[in-house]
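In this text the structure is predicted, and so the values were computed from the model without any measurement. Residue indices begin at 1 and follow the sequence shown.
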Amino acid sequence: MQKRRWNEVGLMRKVLSCAICTIAMMSLLSVHLHRFPHHSKLSDPYRLPNPQIEIRDKILGKEQEQRWTREFIPPNVSLGPLSSQQFPVWRPNCPILWKPVTNRDYMPCTQPTPNYTAPPESRGYLLAHTNGGLNQMRAGICDMVAIARIINATLVVPELDKKSYWQDSSNFSDVFNEDHFINALANDVKVIKKLPEEMGGAPIAIKYFKSWSGMDYYQEEISSMWADYKVIQAGKTDSRLANNNLPADIQKLRCRACYEALCFAPQIEAMGKLLVDRMRSYGTYIALHLRYEKDILAFTGCTHGLSSVEADELKKIRDANDKWKVKDIDPREQRSKGFCPLTPKEAAIFLSALGYPSNTPIYIAAGDIYGGDSYMGDLRSRYPMLMSKVRVSNALL
């Protein structure tokens, strides 16, 4: 009798164990799909203003109108039902998408300290040949202003890079407001437009300043060159001055040069304002710098999604550029380390995942996208209202 009871208990244990395992397996294998409802009508903040409807139809075509006014949000897949706190629901009219970025308590830091003095007597002239793209040149010019102050030099208006990939022939005054630059720095550094004629035959010391150098390097090694030269030329300007451990007034001078002295030329300011005003006529918009340009891809060696012919073309560009020191690049390693820009398709997925609706106007703030329409198709299919500087500045808009 006792043995029979133990057999019954054992049998029940086996049945319970099998039931528990079955339930566990079913819960692991189950997949819950959460699909957001389609929106047949966009909320008011994301509708185009009525005056722009005709323009929209010209750009998108009548056949796109239904697609333009209806937002299809892709399904979100999870491994189990989540609570509302665990599963944030992004909606096209979610105000956080357009919420202004906080300043994180950072404040402007351009005003000199009470101990700041007028520039001392100049010991010579500093020439600067900038290098790189526009942002690199801007940063380099600001560094040259600070370096001129450190070594007691008169700064000659820097020359812009004309030998880079872009082969841009613009002079300083074509891009920046030259007179404003000189006047804004009058209490910091003496700036002149050209080297004086009497210095035309003077020997020039061409020096490639060490990258990320501090005060000691410029006050000792570079300043000692004034004993033999009246003109020093900086061969490169990018990253020549350290970011940290500099006197407060030198850092503030950098900021004044960047945010107050270095303004765009009036004609560029006017064009920029025109582009912004026309984009704002469509409501809130995204300015997207894809960085998916031929020079960027060639320099970084990023070839994900490209054909072998395109990859070979980029390698030839890299090999032909003497200024780019790294020639042999593993594109997979570059991408795995996060050194590559998003492809246009990936950018579309990213923006969509953030919750931006497909009627969001997007301004492509970049040069010619590598591959053109063949690679922009995925982004345009998701966000048809893609605008370039050429299209926005066109008389149609």
Side-chain angles (χ1 to χ4, degrees), residues 36 39 42 45-46 48 56 59-61 64 67-68 70-77 88-101 133-135 165-166 275-276 278-280 282-307 310-311 313-314 317 329 331-393:
F36 293 97
H39 298 271
L42 291 171
Y46 293 92
L48 289 174
R56 180 203 67 191
I59 295 173
L60 300 177
Q64 294 280 358
R67 179 182 181 179
W68 178 262
R70 176 172 294 180
E71 178 61 23
F72 295 95
I73 299 179
N76 291 268
V77 178
V89 178
W90 289 94
R91 298 183 177 88
N93 60 351
C94 185
I96 197 173
L97 293 176
W98 304 104
K99 183 179 179 181
V101 179
L134 181 60
N135 284 332
Y165 171 84
W166 303 275
L275 297 180
V276 170
R278 287 179 174 175
M279 285 303 300
R280 284 178 175 172
Y282 293 92
T284 47
Y285 69 94
I286 295 174
L288 178 63
H289 194 339
L290 286 171
R291 298 191 66 79
Y292 204 76
E293 298 150 281
K294 184 181 290 186
D295 63 302
I296 294 293
L297 298 178
F299 177 76
T300 58
C302 297
T303 60
H304 176 75
L306 302 181
S307 67
E310 292 168 328
E313 179 190 19
L314 297 177
I317 294 173
I329 299 176
R332 292 185 179 180
E333 183 179 353
Q334 287 288 90
R335 183 172 168 83
S336 67
K337 291 181 178 180
F339 295 156
C340 294
L342 294 177
T343 66
K345 180 178 181 179
E346 291 169 334
I349 295 172
F350 180 73
L351 292 174
S352 181
L354 288 177
Y356 287 96
S358 62
N359 72 326
T360 302
I362 297 179
Y363 177 78
I364 302 298
D368 294 333
I369 302 301
Y370 188 64
D373 290 338
S374 62
Y375 288 112
M376 289 296 286
D378 290 312
L379 178 58
R380 182 173 285 106
S381 65
R382 180 64 188 176
Y383 294 96
M385 200 61 169
L386 286 183
M387 296 292 193
S388 66
K389 56 181 176 290
V390 175
R391 174 170 284 183
V392 178
S393 59

Using a 3.5 Å distance criterion without hydrogens, assess whether the side chain of [X] forms a donor-acceptor pair with backbone atoms of [Y].
{"X": "R278", "Y": "V392", "answer": "yes"}
{"X": "Y383", "Y": "S352", "answer": "yes"}
{"X": "S336", "Y": "E333", "answer": "yes"}

Heavy-atom closest pair, residues [X] and [Y]:
{"X": "D378", "Y": "A348", "result": "O-CB, 4.1 Å"}
{"X": "L290", "Y": "P341", "result": "O-CB, 3.7 Å"}
{"X": "T360", "Y": "P357", "result": "OG1-O, 2.7 Å"}
{"X": "T303", "Y": "P331", "result": "OG1-CB, 3.3 Å"}

Could you walk me through whether L275 and M387 pass the side-chain contact (heavy atoms from CB on, under 4.5 Å) test, one step at a time? CA-CA 10 Å; L275 297 180; M387 296 292 193; over 6 Å; no

For [X], salt bridge (charged side-chain N to carboxylate O under 4.0 Å, His left out) partners two or more places apart:
{"X": "E310", "result": "none"}
{"X": "R291", "result": "none"}
{"X": "K99", "result": "none"}

Hey, could you give me the [atom1]/[atom2] distance between [X] and [Y], rounded to the nearest 0.5 Å?
{"X": "L354", "Y": "I349", "atom1": "CG", "atom2": "CD1", "value": "12.0 Å"}
{"X": "Y375", "Y": "T343", "atom1": "OH", "atom2": "OG1", "value": "10.0 Å"}
{"X": "Y282", "Y": "N359", "atom1": "OH", "atom2": "CG", "value": "13.0 Å"}
{"X": "I317", "Y": "L297", "atom1": "CD1", "atom2": "CG", "value": "9.0 Å"}

Who pairs with S374 by side chain to side chain contact (heavy atoms under 4.5 Å, CB included), at least two apart in sequence or on another chain? none

Could you tell me which residues satisfy side chain to side chain contact (heavy atoms under 4.5 Å, CB included) with T300, sequence neighbours excluded, listed by chain and number? I296, C302, Q334

Classify the angle between the aromatic ring planes of Y356 and W98 as parallel (below 30°), tilted (30 to 60°) or perpendicular (above 60°). perpendicular

Checking Y363 against K389 for the side-chain contact (heavy atoms from CB on, under 4.5 Å) test, could you report, in this order, the C-alpha distance in whole Å, the side-chain angles of both residues, the deciding distance, and whether it holds? CA-CA 8 Å; Y363 177 78; K389 56 181 176 290; 3.2 Å; yes

Do L97 and T284 come within less than 4.5 Å of each other through their side chains, counting heavy atoms only?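 Contact flag for L97/T284 side chains = no.
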
Considering only heavy atoms from C-beta outward, does the side chain of R391 approach that of L386 to under 4.5 Å?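 No, their side chains stay 4.5 Å or more apart.
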
Does E293 have any side chain to side chain donor-acceptor pair (under 3.5 Å) partners at least two apart in sequence or in another chain, and if so, which? none

Answer yes or no: does atom OH of Y285 have more than 12 heavy-atom neighbours from other residues, nucleotides or ligands under 6.0 Å? yes

K294 and L314: side-chain contact (heavy atoms from CB on, under 4.5 Å), yes or no, with the steps? CA-CA 7 Å; K294 184 181 290 186; L314 297 177; 3.9 Å; yes

Dump the intermediate steps for side-chain contact (heavy atoms from CB on, under 4.5 Å) on E313 and L306, then the final yes or no. CA-CA 11 Å; E313 179 190 19; L306 302 181; over 6 Å; no

Apply side chain to side chain donor-acceptor pair (under 3.5 Å) to Y292 and E346, showing your working. CA-CA 11 Å; Y292 204 76; E346 291 169 334; over 6 Å; no

